Colleague: 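Before I ask anything, let me first share the structure, which is written out below as structure tokens.
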Amino acid sequence: MPLVDKLTNHKVVAFRAQPERALTAMFAHILGSDFMKCGRILSPGRSFASLGMVLVSAGCAIKPVPDDVTGVSTYAIARQIRCETRAAARERVVTYIKNLAEGSQYIAGDPQAQQLLARYGDGGEDISSFRPGMFTGPLEVERRNYLTMIYTTAIAYSFDLTGDETNNIGSTVNLVGPWANKLGLGITGNANRERQNERLFTLTDTLGDLLMNLNAKQFGVPYCGKPQIVAENYVYPVAGRIGVDESLKTFLELNVFANIAASDGSKSSNAALAAPTFTDKLTFTTTFDLTGNPQVTFTPVGSGFQVGDASLTGLVRRTDTHKVYVALALEPPGAVSSTALHTYLFPSNQARAAGGGPRKPTTVIGSSVTARVRTAAEDIAVSALDQIKNREVQFILSR
């Protein structure tokens, strides 16, 4: 039933006597109950001075957070990206084992790889019990080196989640009196509100820790169970898969087949001189807005002050900007493994040992990032994040 028909089913006398309630009902119908239920209607009373002031306090979020729009908590967002990273790392390991097991027209399939593929392939045992050392024997050193490089690779994720909510209400009421043909008295009112919240945090992991330890059961449910393995979310991408698998695949390919620049910008043919880094900056912006402009015109009856016409304008806008910085870095011993594999493929390169390894957890405080790290690779990944975020800060000096 059309809105006008609904309103005309009520008594016309009540509609004329209390236009603010009728207009509020119209506005609630157009913008929806969600817009109205979170606010409070400020009744203007029936006096001449306040008759035209129809102020509606709307808007649900005092502190806009991702939960309001994505339907998942900040913890769930972080958990999802960690599980996505684990799945991407598992894919790299299993794909490597599969390639070795199947062989090619030039190389026969490897028996050890065939056994491991049967154990850890699709539908097999969880990857958490796999170790690079399962490739035994002196001829398997390069395979162990490559897998060790994957397991010691660190990943750092920095989240910058901003929510901005705007709720604007405007009203206009025109009053006419005995001079209706000569003069109209217009009364307007506005109530505009805006709230913003920015949430920042940084997490670090090593791929080995994700593969071996992350999927432990919590309250009987695996950390990366089916609810955490979700598909892409094209409305709010941060709540779904964001493409970590492509980043990891590219990072490993660049380290094996083309030594990438170190985090300080230098380039070297020897990857052992510095652990390479790789950073992606993802920005997702989603804006929803809803507007309404109901208006009612009355036919004056008799003399005295009366409402000639009245209208409401409303705007509800929600803008969410979600930035995710993903940095990958090799542990210095991992850099040696990368160089050893590179040397195996391209004998002209020479490898050199480098230091590094596990250490006591520490807190790294950078210019733009604060994070807790446990390995040298995690420290390097956080530094790479700090570098790219520092580039966003520009100082403009006035003359």
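All of these numbers come straight from a predicted model, not from anything done at the bench.
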Colleague: Quick test of your reading: applying side chain to side chain donor-acceptor pair (under 3.5 Å), list the pairs with at least one residue in residues 97-110, sequence neighbours left out, ordered by first then second residue.
Modeller: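 Qualifying pairs: Asp110-Arg143.
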
Colleague: Can you list everything that forms a ring-ring contact (aromatic ring centres under 6.0 Å, His included) with Phe159? Sequence neighbours excluded, please.
Modeller: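 With neighbours one apart ignored, the set is Phe201.
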
Colleague: If only atom types and distance count, is the side chain of Glu84 paired as donor or acceptor with the main-chain N or O of Val244 below 3.5 Å?
Modeller: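 Checking the backbone N and O of Val244 against the side chain of Glu84, a donor-acceptor pair under 3.5 Å is found.
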
Colleague: Should the heavy atoms of other residues, nucleotides or ligands under 6.0 Å from OH of Tyr234 be counted, would the total exceed 12?
Modeller: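 No, because the 6.0 Å sphere around OH of Tyr234 holds 12 heavy atoms or fewer from other groups.
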
Colleague: Can you name the closest pair of heavy atoms from Ala113 and Leu100 and give their distance?
Modeller: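 Closest approach of Ala113 to Leu100, heavy atoms only: CB-CB, 3.6 Å.
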
Colleague: Working to the nearest 0.5 Å, report the span between OG1 of Thr286 and CG of Asn233.
Modeller: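 Those atoms lie 8.5 Å apart.
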
Colleague: With sequence neighbours left out, what residues match Asn213 under side chain to side chain contact (heavy atoms under 4.5 Å, CB included)?
Modeller: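 With sequence neighbours excluded, Asn213 shows a side chain to side chain contact (heavy atoms under 4.5 Å, CB included) to Asp209, given in chain and number order.
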
Colleague: Determine whether the side chains of Ser368 and Asn390 contain a donor N or O and an acceptor N or O closer than 3.5 Å.
Modeller: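 Yes, side-chain donor-acceptor contact under 3.5 Å.
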
Colleague: With distance as the sole test, does Glu198 use its side chain to make a donor-acceptor pair with the main-chain N or O of Thr162 at under 3.5 Å?
Modeller: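 Flag not set: sc Glu198 to bb Thr162 has no pair under 3.5 Å.
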
Colleague: Does the Glu378 side chain pair with the main chain of Ala156, one donor and one acceptor, at a distance under 3.5 Å?
Modeller: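 The answer is no, because no donor-acceptor pair under 3.5 Å joins these two groups.
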
Colleague: Please determine whether side chain to side chain contact (heavy atoms under 4.5 Å, CB included) holds for the pair Thr153 and Leu328, giving the CA-CA distance in whole Å, both sets of side-chain angles, and the decisive distance to 0.1 Å.
Modeller: CA-CA 7 Å; Thr153 293; Leu328 292 153; 4.1 Å; yes

Colleague: Could you tell me the separation between the CG atom of Leu252 and the CG atom of Asn255, rounded to the nearest 0.5 Å?
Modeller: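 With rounding to 0.5 Å, CG (Leu252) is 7.0 Å from CG (Asn255).
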
Colleague: Indicate, with yes or no, if Ile77 and Tyr75 share a hydrophobic cluster defined by side-chain heavy-atom contacts under 4.5 Å among Ile, Leu, Val, Met, Phe, Trp and Tyr.
Modeller: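 Looking at the clustering, Ile77 is in the same group as Tyr75.
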
Colleague: Hey, does the side chain of Glu165 reach the backbone of Arg195 with a donor-acceptor pair shorter than 3.5 angstrom?
Modeller: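 Not at all, since once roles are kept as given, no pair shorter than 3.5 Å links the two residues.
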
Colleague: Using the salt bridge (Lys or Arg N to Asp or Glu O under 4.0 Å) criterion, which residues pair with Arg199? Sequence neighbours excluded.
Modeller: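 With neighbours one apart ignored, the set is empty.
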
Colleague: Measure across Asn215 and Cys224 and return the closest heavy-atom pair with its distance rounded to 0.1 Å.
Modeller: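 Smallest heavy-atom distance, with atoms named: OD1-N, 2.9 Å.
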
Colleague: Hey, what do you get for CG (Asp160) to OG1 (Thr202), rounding to the nearest 0.5 Å?
Modeller: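 Here the rounded value is 9.5 Å.
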
Colleague: Applying side chain to side chain contact (heavy atoms under 4.5 Å, CB included) to Met212 and Arg131, what does each step give before you reach the verdict?
Modeller: CA-CA 8 Å; Met212 294 185 294; Arg131 300 293 185 274; 3.2 Å; yes

Colleague: Rounded to the nearest 0.5 Å, what's the gap from CD on Glu91 to NZ on Lys249? Could you check?
Modeller: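 Going from the CD atom of Glu91 to the NZ atom of Lys249 covers 10.5 Å.
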
Colleague: For the backbone of Pro64 and the side chain of Asn197, can you confirm whether one donor and one acceptor N or O come within less than 3.5 Å of each other?
Modeller: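 Flag set: sc Asn197 to bb Pro64 pair under 3.5 Å.
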
Colleague: What pairs with Val93 under side chain to side chain contact (heavy atoms under 4.5 Å, CB included), at least two apart in sequence or on another chain?
Modeller: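 Partners of Val93 by the side chain to side chain contact (heavy atoms under 4.5 Å, CB included) criterion, ordered by chain and then number, come out as Ile97, Ile127, Phe130, Leu147, Ile150, Tyr151, Leu211.
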
Colleague: Run the numbers on Glu142 and Asn145 for side chain to side chain contact (heavy atoms under 4.5 Å, CB included), then give the verdict.
Modeller: CA-CA 5 Å; Glu142 300 303 335; Asn145 282 344; 3.8 Å; yes

Colleague: Write down the atom of Ala329, the atom of Thr277, and the distance for their closest heavy-atom approach.
Modeller: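 For Ala329 and Thr277, the tightest heavy-atom pair comes out as CB-CG2, 3.9 Å.
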
Colleague: Pair Met149, Val256 - check side chain to side chain contact (heavy atoms under 4.5 Å, CB included), show working.
Modeller: CA-CA 10 Å; Met149 180 183 71; Val256 173; 3.9 Å; yes

Colleague: Mind checking side chain to side chain donor-acceptor pair (under 3.5 Å) for Thr136 and listing every partner two or more places apart, or none if nothing turns up?
Modeller: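 In terms of side chain to side chain donor-acceptor pair (under 3.5 Å), with neighbours along the sequence ignored, Thr136 is linked to Gln112.
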
Colleague: Out of Val324, Leu385, Thr370, Leu200, which residue meets the side chain to side chain contact (heavy atoms under 4.5 Å, CB included) rule with Ser158?
Modeller: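 It is Leu385; the other options fail the test.
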
Colleague: Tell me, please, which residues at least two apart from Asp205 pass side chain to side chain donor-acceptor pair (under 3.5 Å).
Modeller: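 Result, side chain to side chain donor-acceptor pair (under 3.5 Å) vs Asp205: Arg82, Tyr157.
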
Colleague: So, Arg317 versus Asn168: side-chain donor-acceptor pair below 3.5 Å or not?
Modeller: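 Side chains of Arg317 and Asn168: no pair found under 3.5 Å.
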
Colleague: Rounded to the nearest 0.5 Å, how far apart are OG1 of Thr85 and CD1 of Ile155?
Modeller: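 Reported to 0.5 Å precision, the distance equals 4.0 Å.
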
Colleague: Using a strict cut-off of less than 4.0 Å between a Lys/Arg side-chain nitrogen and an Asp/Glu carboxylate oxygen, indicate whether Asp68 and Arg318 qualify as a salt bridge.
Modeller: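 Salt bridge flag = yes for Arg318 with Asp68.
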
Colleague: Given 3.5 Å as the limit, does a donor-acceptor pair link the side chain of Thr204 with the main chain of Asp379, or not?
Modeller: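 No, because the side chain of Thr204 does not come within donor-acceptor range (under 3.5 Å) of the backbone of Asp379.
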
Colleague: Considering residues at least two apart in sequence or located in another chain, which fulfil the side chain to side chain donor-acceptor pair (under 3.5 Å) criterion with Arg119?
Modeller: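 Side chain to side chain donor-acceptor pair (under 3.5 Å) check on Arg119 returns Glu125.
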
Colleague: State which residues pass side chain to side chain donor-acceptor pair (under 3.5 Å) with Asp164; sequence neighbours excluded, sorted by chain then number.
Modeller: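 Only Gln196 meet the side chain to side chain donor-acceptor pair (under 3.5 Å) criterion with Asp164.
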
Colleague: Which residues satisfy the ring-ring contact (aromatic ring centres under 6.0 Å, His included) test with Phe284, sequence neighbours excluded?
Modeller: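 So Phe284 forms no ring-ring contact (aromatic ring centres under 6.0 Å, His included) with any residue.
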
Colleague: Check which hydrophobic residues are tied to Tyr236 through side-chain heavy-atom contacts below 4.5 Å, counting indirect links as well, and list them.
Modeller: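 Other cluster members: Val69, Val235, Phe288.
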
Colleague: Please list, chain by chain and in numerical order, all residues satisfying side chain to side chain contact (heavy atoms under 4.5 Å, CB included) with Thr285, sequence neighbours excluded.
Modeller: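 Expected list: Thr283, Thr287, Thr319, Thr321.
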
Colleague: Are Ser247 and Asp280 linked by a side-chain donor-acceptor pair shorter than 3.5 Å?
Modeller: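 The answer is yes; a qualifying pair exists.
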
Colleague: How long is the gap from OH on Tyr223 to CG on Leu210, to the nearest 0.5 Å?
Modeller: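 CG of Leu210 is found 9.0 Å from OH of Tyr223.
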
